Amino acid sequence: MHGMNPDDHPLLQGLNAQQRAAVTTSVGPVLVLAGPGSGKTRVLTHRVAWMLGELQIPPWHILAVTFTNKAAREMRHRLEHLLGDESARALTLGTFHATCARILRREADRLGLSSSYSIFDTDDQLAVMKQVVGEMGLDEKRYRPHALLNAVSSAKNELIRATDYPIRTYHDEIVARVYEQYQEVLRRNGGLDFDDLLMETAMLFQSEPSVLTYYRERFEHVLVDEFQDTNMAQYVILRLLAREHRSLYVVADEDQSIYSWRGADYRNISRLRQDFPELQEFLLEQNYRSTQVILDGAQAVIARNADRTPKRLFTTRRGGTPIVLREAYDEREEADYVAKEIGRLLRTGYAPGDIAIMYRTNAQSRALEESLIRYNIPYRLIGATRFYARKEIKDVLAYLRVIQNPDDDVSFSRIVNVPPRGIGRRTLALLSEEAQRERSSLSRALLSLTAQGGLTGRTSRSLTAFAVMLQNWIRLREELSVVQLIDQVLADTGYESYTRDGSEQGEARWENILALRAVVAESPLIQLSDFLEDVALVADVDMLSDEVDAVTLLTLHSAKGLEYPIVFLTGLEEGVLPHSRSMESPSQVAEERRLLYVGMTRAKERLVLTYAFRRGWRAYGDGEPSVPSRFLEDIPDEVLSRPAGSASFSRPRWKAQSWGRAPGSSGRKRAKAVQRYRAGQRVHHAYYGDGIVIESALEGRDEMVTVLFGNGVGVKTLVSSMAPMEPLPDH
DNA sequence: ACTTAACGGGAATAA
DNA sequence: CCCGTTAAGT
């Protein structure tokens with residue numbers, strides 16, 4: 001610093017002018033608006049390092065909120081590296097949910113909650129909601145637990161309590177009562193759901209000035225990544241914390257807001273400007289990730305969204321390989337193309353870890369997996385059956401949860417008869433009655449019944465045996481580590497022989513349990529409560545290890561914040577992206593567009609877009625051919641390359657013939673059909689192979705071709721403009 | 001009284 | 001395809 005050129009400051013190495021300005025600015029409310037690949041997280045990390053190293057702010061006064069646990073871990077590593085000391089250790093760094101969970105554990109008594117409260121995940125929430133709907137005598141068809149949960153979740157994200165739920169219709173009335181009852185059941189279980197973690201923290205800050213003051217002093221400086229994806233509850237937490245010291249540093253990109261269905265609201269950016277009028281704003285417009293071609297394609301897609309600030313993103317990586325757009329016959333052929341193409345890229349020197357395949361819905365991964373297996377390409381799947389949502393893992397965790405929090409009836413009901421020990425529905429119902437009489441939980445009712453010797457009849461023996469085990473575990477909890485406790489539970493319940501039933505899936509399930517055990521063994525000193533909290537709040541992307549060299553399969557949502565040299569985006573069809581459930585509302589379609597934008601901007605060097613002519617699993621059957629995604633129309637031809645794929649694949653006037661809007665929407669392009677096929681003609685189909693035309697007729701503006709294929713395929717009727725098929729020369 | 005095997009309906013994204 | 005429900009089996 002003494003006479004040193006500020007550009008040589010070790011904490012500013014490798015940053016451009018815009019980034020440096022953002023990192024070194026004075027303490028106060030700051031908004032960094034940044035495009036993809038512009039070094040958002042880097043700026044955030046360097047800003048924290050700047051505050052610690054240059055401004056001499058003690059680490060325990062800093063709270064940094066990241067979007068995933070993985071991002072938090074990485075930031076801590078980078079900070080340790082940048083600062084060369086341990087000061088990053090004392091920093092509070094984590095996701096909103098993890099941070100709130102910790103605050104609430106500390107303040108549990110103020111909420112009338114045990115500090116060993118359970119965190120209820122989606123499955124648990126559904127179990128509670130079903131119980132509520134059942135108890136209230138509502139018709140599950142009319143009042144779908146899923147829909148009710150959504151309503152409750154939205155209310156919580158907006159900080160609306162059950163008693164304040166706005167009632168305009170009879171349906172609202174029901175929702176309000178369901179909401180109230182749902183909270184009642186949660187509370188009896190000593191549980192909080194994901195939304196409660198945020199809502200209760202926000203409301204605690206609102207209602208307890210002393211608590212707010214404490215955390216305000218504690219977290220004098222607050223920094224937030226992915227601010228565009230905060231919801232109202234999160235915004236209120238930030239606003240309250242920062243109101244006094246006004247040191248709030250947020251990084252955002254409205255074009256990457258993809259979680260509105262979870263209550264996220266990018267208008268929080270405008271709220272920030274209103275609530276902190278002295279806000280300093282910085283723009284990061286240089287993209288360091290993608291080639292010009294990829295950036296141009298992505299920009300063209302996002303530019304069509306209204307209500308956004310236009311940005312002038314640029315990169316010095318001129319040119320680049322064109323974006324590949326490829327039509328496939330169906331999801332299987334699409335997957336085969338992707339796998340084959342990956343095989344080719346691997347032979348040119350890319351590593352499997354350089355490649356990601358992205359899709360809108362988890363269900364799409366199946367076909368891709370099958371092809372990758374067939375082509376012997378190593379891959380790993382993010383999401384789908386999430387590790388911690390697997391039955392066997394949830395079972396073990398449910399045991400631990402009951403041991404940790406005996407009021408957790410949801411977990412108790414889950415494991416009381418797993419492995420089967422003769423405690424069926426009827427017995428559980430009796431136990432539930434007893435619990436209601438005693439106004440206590442299932443496990444407490446069981447323990448007191450056993451203690452009184454009040455059990456008779458056939459089931460008494462199994463119930464008593466279970467009660468003895470449970471009591472023993474609760475006692476052992478004090479003495480044993482989490483690993484030892486898991487081992488004890490597995491041994492006592494005979495879970496291994498129950499799981500390993502000789503089937504292949506049984507072996508896989510047991511391996512999953514061993515994997516869980518290994519995770520615990522990595523932190524041998526962890527407290528049970530901390531372990532359960534960590535496990536409840538991990539995201540699938542958190543478990544992405546950089547050391548595994550495999551192709552990554554993931555949803556577009558999980559892809560946020562990641563980057564790969566090569567990205568395949570699959571299923572670019574109307575109904576898939578944009579998703580059919582989003583097509584009624586323009587704002588939801590706009591979000592789908594942002595989702596595509598997020599996906600495209602993950603790619604550094606190569607981007608491949610694919611769509612299928614047919615997609616089997618789609619609800620409207622195999623009769624209806626797919627329509628390419630409307631978003632593809634916005635990508636300029638100059639950045640696209642449309643490979644013929646197999647030789648059979650060239651289709652003249654392809655665009656004019658097969659492009660259109662969603663079925664039913666206006667603006668479908670009309671193209672006069674030309675008869676390309678006649679009876680007796682030989683054809684080649686990309687998927688079905690060679691065949692002979694039996695009949696061909698113009699129908700409306702399309703040509704319907706009936707073909708007899710070989711190799712046992714048989715007769716198929718195809719739409720000429722859509723089928724990946726072409727006439728073969730006669731000879 | 002419980003368990004298991006077979007069946008039919010509804011399927012986004014996720015901390 | 002994963003689920004919840006139902007009917008038959010122990």
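Proteins get letters first, then strands, A, B, ... in listed order; numbering begins at 1 in each. No experiment lies behind these values; they were computed from the predicted model shown.
- A straight line from NE2 of A/H146 to C1' of B/dT13 spans 13 Å, rounded to a whole angstrom.
- A sub-4.0 Å separation between OP1 or OP2 of C/dG4 and a side-chain N or O of A/K130 is present.
- Distance CE (A/M358) to P (B/dT13): 16 Å, rounded to an integer number of Å.
- Here the nucleotide nearest the side chain of A/T427, chosen from B/dA15, B/dC2, B/dA12, is B/dC2.
- Under the 4.5 Å side-chain criterion, counting only non-hydrogen atoms from C-beta, A/L554 is in contact with A/L562.
- Taking atom OH of A/Y259 as the reference point, atom P of B/dA12 lies 16 Å away to the nearest angstrom.
- Here B/dA12 is the nucleotide among B/dA12, B/dA15, B/dT3 with the atom lying nearest to any side-chain atom of A/Q588.
- A gap of 24 Å separates the C1' atoms of C/dG4 and B/dT13, to the nearest Å.
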Practice task
Give the intermediate values and the outcome of side chain to side chain contact (heavy atoms under 4.5 Å, CB included) for residues A/M129 and A/V178.
Solution key: CA-CA 8 Å; A/M129 188 52 92; A/V178 164; 3.4 Å; yes
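- In the set B/dT13, B/dA11, C/dC1, the nucleotide with an atom closest to the side chain of A/H557 is B/dT13.
- For A/A539, counting side-chain heavy atoms from C-beta on, the closest listed nucleotide (B/dA15, B/dA12, B/dA1) is B/dA15.
- When the C1' atom is used for both C/dT5 and B/dA12, the distance is 25 Å, rounded to whole Å.
- Residues A/N417 and A/L595 each lie close to DNA chain B; by heavy-atom proximity, the contact nearer the 5' end of the strand is made by A/N417.
- Counting non-hydrogen atoms under 4.0 angstrom, A/T68 reaches nothing in the nucleic acid.
- The CD1-P distance, from A/I382 to B/dA12, rounds to 20 Å in whole Å.
- A/S582 places no side-chain N or O within 3.5 Å of a backbone atom of A/P578 that could act as its donor or acceptor partner.
- Residues A/E331 and A/T570 form no side-chain contact, since every pair of their non-hydrogen atoms from C-beta on lies 4.5 Å or further apart.
- With B/dA14, B/dA15, B/dC2 as the candidates, the nucleotide lying closest to the side chain of A/W261 is B/dA14.
- Looking at A/R360, its side chain comes within 3.5 Å of the base of B/dA12 through a donor and an acceptor atom.
- Residue A/T361 has its side chain nearest to B/dA12 when only B/dA15, B/dA14, B/dA12 are considered.
- Relative to the side chain of A/R144, the nucleotides B/dA15, B/dA11, B/dA14 differ in distance, and B/dA11 lies closest.
- Atom P of nucleotide B/dA14 and atom CG of A/D124 are separated by 18 Å, given to the nearest angstrom.
- Looking at heavy-atom distances under 4.0 Å, A/N69 makes no contact with the nucleic acid at all.
- In terms of phosphate contacts, A/N157 brings no side-chain nitrogen or oxygen within less than 4.0 Å of OP1 or OP2 of B/dA15.
- Distances were taken from every side-chain heavy atom of A/R262 (C-beta onward) to each of C/dG4, B/dA15, B/dT13; the shortest belongs to B/dA15.
- At B/dA14, one or more side-chain N or O atoms of A/T555 fall inside 4.0 Å of OP1 or OP2 (strictly under the cut-off).
- In this structure, A/N362 reaches the B/dA14 phosphate: one of its side-chain N or O atoms is under 4.0 Å from OP1 or OP2.
- In this structure, a donor-acceptor pair under 3.5 Å is absent between the side chains of A/Y597 and A/Q256.
- Atom C1' of nucleotide B/dA12 and atom CD1 of A/I258 are separated by 13 Å, given to the nearest angstrom.
- Side chain of A/S118 to main chain of A/F120: no donor-acceptor pair is present (N/O by atom type, distance under 3.5 Å, no hydrogens or angles).
- Per the geometry, CD belonging to A/E226 stands 13 Å off P belonging to B/dA15, to the nearest Å.
- Summary of the strand contacts: A/A536 and A/Y498 both lie near DNA chain B, and taking for each the nucleotide with the nearest heavy atom, the more 5' one is attributed to A/Y498.
- Taking atom NE2 on A/H579 and atom P on B/dA11, their separation rounds to 11 Å, with Å as the unit.
- Side chains of A/L577 and A/Y611 form no contact here, defined as non-hydrogen atoms less than 4.5 Å apart.
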